[in-house]
Amino acid sequence: MKRLNKVLAHADIASRRKADELIATGHVKVNGKVVITQGVKVSDNDSVEVDGIPIFKEEKIYFLFYKPKGVITSVKDEHKRKTVMDYFKHVKERIYPVGRLDLNTSGVLLMTNDGDFANQMMHPKHKIEKVYLVKIQGLANKKNLRPLIYGVKVDGQKTSPARYEIIHINADKKTSIIKLTIHEGRNHQVKKMFDAVNLSVQKLKRERYGTLDLTGLKPGEYRKLSRKEREALGYFFKVV
Ligand code: URA
């Protein structure tokens, strides 16, 4: 369910503030009835009209994007830095990122204009696995990594159990590469988890998101997700 003013803004009818005015002045109908109260929520199944004209609803679209390093996961940036949206200039639908990756993190990022899909992917109850390849400063061993399995305190809250695999250790440079599998998606979670075991992250890449990995893509490239792939993530579009 989305707020009516947001739906109107999303359909390019007006800004949210203007949309509130249109609603208050009786221009908007939901399922054939004029709605003048603010804060009304509508679903994709409700029909919305402005001055008798049904609003255009975009087709739902889903992308798997290989986010490069040095790009902001944001729809806009006040400082005019490169954002993930710069890679989707030819896509006319109003897509946005599902969750976020830090500026210097690369890897799998989903992009969509389907709010239900985005919410479902991000909701902790769905426990979607995310696999990260993490380069850390320091020598990893069972002793210093073991707390990650049981959960460490991040922002005052214990993380859910994680799995790790030591992929490579460079004894000369004193760096290690670890594969970490988690299913939460808190802010800077991986970096904070390693901070909690006194190891600092130098490089981070999200290799897998649920059933999706980066096969066939180079940094900055993307491809559409098929219905089968969305279903494999546990998402079933509600057909009305
Ligand atoms: N965890 C982090 O610390 N950063 C990311 O970009 C993703 C997960």
Side-chain angles (χ1 to χ4, degrees), residues 63-79 81-88 95-112 117-138 140 144-168 175-215 217-222 225 233:
F63 295 105
L64 164 54
F65 176 47
Y66 187 161
K67 178 196 171 297
K69 283 197 304 188
V71 176
I72 296 174
T73 308
S74 166
V75 174
K76 270 191 213 137
D77 182 55
E78 285 174 7
H79 307 291
R81 289 170 298 182
K82 195 163 188 165
T83 75
V84 292
M85 302 310 293
D86 291 335
Y87 292 84
F88 292 88
I95 56 168
Y96 48 84
V98 177
R100 53 179 301 219
L101 290 177
D102 294 339
L103 177 69
N104 279 320
T105 303
S106 61
V108 181
L109 184 68
L110 301 184
M111 305 280 297
T112 187
F117 173 78
N119 289 338
Q120 188 170 325
M121 292 304 111
M122 289 189 289
H123 200 291
K125 84 170 180 207
H126 296 295
K127 293 196 172 20
I128 293 185
E129 269 192 1
K130 289 119 198 165
V131 180
Y132 293 89
L133 206 56
V134 193
K135 183 176 179 192
I136 55 153
Q137 181 64 55
N144 56 17
L145 295 185
R146 193 175 293 120
L148 300 178
I149 301 179
Y150 302 107
V152 288
K153 275 240 169 117
V154 163
D155 300 328
Q157 214 192 333
K158 208 169 166 193
T159 55
S160 297
R163 296 199 306 275
Y164 75 81
E165 189 187 333
I166 299 175
I167 304 290
H168 182 73
T175 56
S176 315
I177 296 182
I178 294 139
K179 192 174 268 197
L180 183 77
T181 304
I182 59 175
H183 58 254
E184 295 167 297
R186 298 199 236 155
N187 245 355
H188 312 300
Q189 175 149 354
V190 176
K191 290 178 189 158
K192 287 180 177 173
M193 285 175 77
F194 279 94
D195 280 349
V197 294
N198 297 315
L199 295 167
S200 79
V201 172
Q202 285 191 335
K203 226 172 164 185
L204 187 55
K205 177 180 180 186
R206 182 151 73 190
E207 284 205 319
R208 184 158 70 74
Y209 190 101
T211 42
L212 300 169
D213 65 23
L214 296 162
T215 306
L217 293 177
K218 296 194 185 83
E221 290 183 345
Y222 61 83
L225 288 186
L233 289 167

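No experiment lies behind these values; they were computed from the predicted model shown. Counting starts at 1 for both ligands and their atoms, following the listed order.
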Enquirer: Decide whether an N or O pair under 3.5 Å exists between His188 and ligand 1.
Expert: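 For ligand 1, there is an N or O atom that lies under 3.5 Å from one belonging to His188.
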Enquirer: Which residue and non-hydrogen atom of the protein lie closest to atom 8 (C) of ligand 1, and at what distance in Å?
Expert: Tyr132 OH, 3.5 Å
Enquirer: For ligand 1, which atoms, with element, lie under 4.0 Å from some heavy atom of Asp102?
Expert: 2 (C), 3 (O), 4 (N), 5 (C), 6 (O)
Enquirer: Looking only at distances, can you tell me whether any N or O atom of Thr105, backbone or side chain, sits closer than 3.5 Å to an N or O atom of ligand 1?
Expert: yes
Enquirer: Looking at Thr105 and Arg206, what are the two nearest heavy atoms and their distance?
Expert: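 So the two residues come closest at CG2-N, 4.5 Å.
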Enquirer: Tell me which protein heavy atom sits closest to atom 1 (N) of ligand 1, plus the residue, atom name and distance to 0.1 Å.
Expert: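 Among all protein heavy atoms, the one nearest atom 1 (N) of ligand 1 is Val190 N, 3.0 Å.
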Enquirer: Testing the basics here: between Tyr222 and Tyr87, what is the closest heavy-atom pair and its distance to 0.1 Å?
Expert: CE2-O, 3.2 Å
Enquirer: What closest approach, in Å, do Tyr96 and Ala118 show between heavy atoms, and which atom pair accounts for it?
Expert: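 Scanning both residues completely, I find the closest heavy atoms to be CE1-CB, 4.1 Å.
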Enquirer: Using modelled atom types only, decide if a donor and an acceptor are shared between the side chain of Lys153 and the backbone of Ala196 within a distance under 3.5 Å.
Expert: no
Enquirer: Is Leu204 touching ligand 1 with its side chain, its backbone, both, or neither, if touching means heavy atoms under 4.0 Å apart?
Expert: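 It is the side chain that touches ligand 1; the backbone stays farther off.
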Enquirer: Within a reach of under 6.0 Å around NZ of Lys69, are more than 12 heavy atoms found that belong to other residues, nucleotides or ligands?
Expert: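 Count not over threshold, so no.
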Enquirer: Less than 4.0 Å between a side-chain N and a carboxylate O, is that true for Arg81 and Asp77?
Expert: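 Answer for the salt bridge query: yes.
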Enquirer: So for ligand 1, is Leu101 a polar contact partner (N or O within less than 3.5 Å, distance only)?
Expert: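 The answer is no, given that Leu101 and ligand 1 share no N or O pair closer than 3.5 Å.
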Enquirer: Is Lys191 in polar range of ligand 1, meaning some N or O pair under 3.5 Å apart?
Expert: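 Yes, since at least one N or O of Lys191 sits under 3.5 Å from an N or O of ligand 1.
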